[in-house]
Amino acid sequence: MSEAAATMAIMAPPEAVQAPSYTAEELARYDGIVQRYTRHVYNIAYRMTGNEADARDLSQEAFLRVYRALRRVQPGAPLESWLYRIVSNLYIDLLRRRPRVRVESLDAPIDTPRGEMVREFPDAAANPEAVFEREHIDGAIQEALGTLSAELRMVVILSDIEGFAYEEIAAMLRVPLGTVKSRLHRARQVLQQRLRPYVDARRRGWQA
Amino acid sequence: MNHHRAGRLLSAYMDAELPAKEAREVQEHLLDCEACREAHDRLRATRDLLAGLPPAEPPAELWAAIRQPVLRGRLAAAVPDVRPQGLVERLRAASWSLGRERWFPVRRPGWVFAAVVVVLALAALPLVKGTVDRLHASEIGVDLYVHDHAVQMGAAPLVDRAYLGLVAGDAELVMAGENPRAAGGRTR
């Protein structure tokens, strides 16, 4: 079965999908998918939503869809592409259901007479030593990710956290390669500004 | 390659996602341009910060929820069977689940269904009959109205608006079925 068909099956509303009784073998296959992808799916969902409860709901829903469409999924086929697309789409649904959490995108350039300008942000860490504390860094990165639009966030998570190549990301999100390139660059620029103390600390680390 | 264009390609250059020719041009520009070298280093540091994030560990409840069907060894636990069924099967399934709770133990949903149909038919009968009567009445509507009106007028003339109009002297009564023009001519 083609990947597109598999995705169609998986993205179909749950009511339309038959859920037949599975054999032990099929359940084992499902378990294999679960073991292989749960950590990645959860990690992406967590970095997208920024909180455990939403990440859990999103991951659970994604696997429920996999489960319902199990028979339409070719055994042994790589599932990253459409599994992460499901996560992305579910996240967009989540935003739609909860429009109040949408804030103005801070990464959007501001139009000025001299062309577009990107906003600058005050130092995220007032305490210089906190720059080296792992937990502090995680929190700051998560916060900085939260300021990105969903589109930019998804691209930067798939690229820099999950380590996918541009072409893979383009296939997952169904956007042109050039779009991945420009979104990723914009996302990194915003993050770089928001995380300036950490970025500088890291560069000093290279030089030392 | 100009400074602005090189600046936009820095991310892709750093990820080795540029075609060879463009990559070479960016590389050459970086040798000449201090600002782009610094921007490049910052982007690289940003990327490394993200790459260094420890993966978020899925909570135990999530594992339990996702693996539920596997653990139970059957599908019905996690996903309700939503196959389209005949009405009788669905009723049977419903009565079974109710029966299990000892609330409404029905063995023969077919009979229940038949009984419901009979009750509904009996309830609907007067409604249907009433409608038929009304349709009949509408066929002779005007005469029936005039007749009822005449009877009521005889009984209580002072509450009858047509009669009062006659008394006031400006009513043009038209008998049912009569040509209005002819009637008008007659009253003059």
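The analysis underlying the following values was restricted to heavy atoms, covering all of them including side chains, and did not include hydrogens, waters or symmetry mates. Proteins come first, then strands; the chains are lettered A, B, ... in the order of their sequence lines, and each starts at number 1.
Neither the backbone nor the side chain of E162(A) comes within contact range of chain B; no heavy atoms are under 4.5 Å apart. Neither the backbone nor the side chain of A144(A) comes within less than 4.5 Å of any heavy atom of chain B. With a 4.5 Å cut-off on non-hydrogen atoms, F63(A) touches chain B through its side chain but not through its backbone.
Note: L184(A) CG to R47(B) CZ = 9.5 Å, rounded to the nearest 0.5 Å. Note: I33(A) CD1 to I66(B) CD1 = 12.0 Å, rounded to the nearest 0.5 Å. For the atom pair OG (S11(B)) and CZ (R186(A)), the distance works out to 12.0 Å, reported to the nearest 0.5 Å. How far CD of Q193(A) is from CZ of R42(B): 9.5 Å, rounded to the nearest 0.5 Å.
Taking every heavy atom of both residues into account, L62(B) and T38(A) meet most closely at CD2-CG2, 4.3 Å. The two residues R202(A) and A45(B) have their closest heavy-atom pair at CD-O, 3.6 Å. Of all non-hydrogen atoms in D41(B) and R203(A), the two that sit nearest each other are CB-NE, 3.6 Å. For the residue pair A12(B) and Y166(A), the shortest heavy atom distance occurs at CA-OH, 3.4 Å.
Comparing E52(A), R47(A), K181(A) by heavy-atom pairs within less than 4.5 Å of chain B, the highest count is held by R47(A). Taking chain A as the reference chain and counting heavy-atom pairs below 4.5 Å, the highest number among G7(B), A39(B), A16(B) is found for G7(B).
Under the 4.5 Å side-chain criterion, counting only non-hydrogen atoms from C-beta, L43(B) is in contact with H185(A). Taking 4.5 Å as the limit, some side-chain heavy atom of Y42(A) sits within range of a side-chain heavy atom of P59(B). The side-chain heavy atoms of I141(A) and L50(B), taken from C-beta on, include a pair separated by under 4.5 Å.
A donor-acceptor pair is defined here as one N or O able to donate and one able to accept, closer than 3.5 Å; such a pair exists between the side chain of N43(A) and the backbone of A56(B).
A salt bridge links R56(A) to E61(B): at least one charged side-chain nitrogen sits closer than 4.0 Å to a carboxylate oxygen. Contact check on D15(B) versus R188(A) returns a salt bridge, with a Lys/Arg side-chain nitrogen under 4.0 Å from an Asp/Glu carboxylate oxygen.
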Evaluate R67(B) against Q35(A) for side-chain contact (heavy atoms from CB on, under 4.5 Å), listing each step before the verdict.
CA-CA 9 Å; R67(B) 298 191 67 229; Q35(A) 300 293 349; 3.4 Å; yes
Take W63(B) and V34(A) through the test side-chain contact (heavy atoms from CB on, under 4.5 Å) and record every step on the way to the result.
CA-CA 9 Å; W63(B) 281 111; V34(A) 167; 3.8 Å; yes
